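Here is the structure we will look at.
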There are 2 protein chains.
Amino acid sequence: MAWDTERTKRLLLDAATTEFSEHGLAGARIDRIAAAAGVNKERIYQYFGRKDDLFAAVLAHRLRGSMDEVPMLGAGPGAVGDYAGRLFDHHLADGVIPRLVFWEGLERGPATAADAARAAYHDEKVERFRELLPGVDRAAAGELLLTIVSLVNAWPVLGHLDAFLIGGGSAGAGDRAVRRRAVLVESATALARDAIAVAAAAAENAASTPRGVPAASVRRVSEVQ
Amino acid sequence: MAWDTERTKRLLLDAATTEFSEHGLAGARIDRIAAAAGVNKERIYQYFGRKDDLFAAVLAHRLRGSMDEVPMLGAGPGAVGDYAGRLFDHHLADGVIPRLVFWEGLERGPATAADAARAAYHDEKVERFRELLPGVDRAAAGELLLTIVSLVNAWPVLGHLDAFLIGGGSAGAGDRAVRRRAVLVESATALARDAIAVAAAAAENAASTPRGVPAASVRRVSEVQ
DNA sequence: TTCAATTACAACCGTTCAGTTGGAAATGAC
DNA sequence: GTCATTTCCAACTGAACGGTTGTAATTGAA
């Protein structure tokens, strides 16, 4: 039979995605990945290089997918909440991204910023946020996006805390997801509105006192409001 | 010289805390822990049992610390924001708890609910939340606490995303922490206020239409507001 | 002083792991 | 068909790992 190297690579990448999602970089077993893919493990080294490289390939592949599949739609601060909700849905359906993101955060050093495509993607999202939120600077928009990303990714990983915090109450997991999605959309929208308000107050403040205004007095606006 | 078994145990627990925080359960090395503590590794098995048990001991010890050191003070929804802020401060100063929490979520199965002391602690916190938030039911209070816990713990772990989202901008890490703390306090307070509003609307709704009200119509209140 | 229990440690053990090798089977260009 | 190249795999390697063991030192109570 003819070789089908693309299929082999795909089988390996899929198996590796599952393995790394479940066990992380240190806990993953090359042999298990090869066995699950039905492929000799030597292929892994030929196609992807070392274990770390395979992990990086899995991460890049999967994140790229989520980047493309969750566009930002609409206008105004409500669009931020809407985006958060759809990101939530996507991660919930996907099942592996949140775990991969946190494995990455925990196991890889802070010097992963070399991924140019990823940086470009995030840049674009932040810029889209800024279009939705008049007057908001890059840092504030980045903070907002980070807050949303943190919440959306943390929840599936911290599912074991549900037993403590929510208890074996009446609501099932599905019902809880609906509830949490609503909370997320709402708070993302609220935070977006607030970011606009803070930016407006800061601009006005800057106009009246041109320079040397301590940052704390600007930030305070968001606390008082 | 006389034995000092308590000191030995403490040295091991401290070294294990650092090791597990950095590398997780699968990535941690027993030999490294023993070496860092300056203690023979056989002592680990004598005092703490297997690797998993040592991890559990580290987790219990450290979480117990954070439980006792961050009390809930004040009254009203502002107290929720205040609590979130102090939890943020504590985790920031501690440095290992967020990582341990996420290692636990990723590496241990969902059946960790056997820890009675921990469940009791969380129960108490949720009840304190309910005292602060009139009318809010257990599930909603639990959700709110989980949101706060998620944000506070996720941020230090996802620090590698800063490079993408915030960029090597003008603000240093310390300045960013101040900013994020303000955002956290503010949003926690806002969510607490909202939880009260939702509960009040639900109660009124229940009074006018005694039974059979679909949960969605109640939830909608928080989205519209 | 005796002695059982505890603490400590170096050396060890069986297993598992990431990564390699040597060679067979298949491919495609000529 | 020839042959260099690529795909594939079973078997291998050397190191590292979690966990144990045999034994010596120390303790405190009898």
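Every chain is numbered from 1, with letters handed out A, B, ... down the list of sequences. Note that the structure is a prediction, hence the values are computed from the model and not measured. What's counted below: heavy atoms across the whole structure, side chains too, no hydrogens, waters or symmetry copies.
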Over how many whole Å does the gap from [X] atom [atom1] to [N] atom [atom2] extend?
{"X": "B/Asp53", "N": "D/dG18", "atom1": "CG", "atom2": "P", "result": "14 Å"}
{"X": "A/Asn40", "N": "C/dA25", "atom1": "CG", "atom2": "P", "result": "15 Å"}
{"X": "A/Glu42", "N": "D/dT13", "atom1": "CD", "atom2": "P", "result": "17 Å"}
{"X": "A/Asp4", "N": "C/dA26", "atom1": "CG", "atom2": "P", "result": "16 Å"}
{"X": "A/Ile44", "N": "D/dA10", "atom1": "CD1", "atom2": "C1'", "result": "15 Å"}
{"X": "A/Leu11", "N": "D/dC8", "atom1": "CG", "atom2": "C1'", "result": "14 Å"}
{"X": "B/Asp52", "N": "D/dG19", "atom1": "CG", "atom2": "C1'", "result": "12 Å"}

### Query
Considering all heavy atoms of both residues, which atom of B/Leu151 and which atom of A/Ser150 are nearest to each other, and what is their separation?
CD2-CB, 4.2 Å
### Message
Which heavy atom of B/Ala28 sits nearest to which heavy atom of B/His23, and what is that distance?
### Response
N-CB, 3.7 Å
Pair [X] + [Y], salt bridge at N-O below 4.0 Å:
{"X": "A/Arg118", "Y": "A/Glu104", "answer": "yes"}
{"X": "B/Asp123", "Y": "B/Arg138", "answer": "yes"}
{"X": "A/Asp175", "Y": "A/Arg179", "answer": "no"}

Write down the protein N/O and nucleotide N/O pairs, taken from nucleotides 13-18 of chain C, whose separation is under 3.5 Å; answer none if there are no such pairs.
| residue | atom | partner | partner atom | Å |
| --- | --- | --- | --- | --- |
| C/dC17 | OP1 | A/Arg29 | NE | 2.9 |
| C/dC17 | O5' | A/Arg29 | NE | 3.4 |
| C/dA18 | OP1 | A/Ala28 | O | 3.0 |
| C/dA18 | OP1 | A/Arg29 | NH1 | 3.4 |
| C/dA18 | OP1 | A/Lys51 | NZ | 3.0 |
| C/dA18 | OP2 | A/Ile30 | N | 3.2 |
| C/dA18 | N7 | A/Lys41 | NZ | 3.3 |

### Summary
CG (A/Leu59) and CZ (A/Phe20) are apart, to the nearest 0.5 Å, by 10.0 Å
### Message
Please tell me if B/Thr8 has a side-chain N or O lying less than 4.0 Å from either OP1 or OP2 of C/dA8.
### Response
yes
### Query
Nearest nucleotide by nearest heavy atom, which residue falls closer to the 5' end of DNA chain D, A/Arg43 or B/Gly49?
A/Arg43
### Query
Quick one: on DNA chain C, does A/Gln46 or B/Tyr47 contact a more 5' nucleotide (nearest heavy atom)?
B/Tyr47
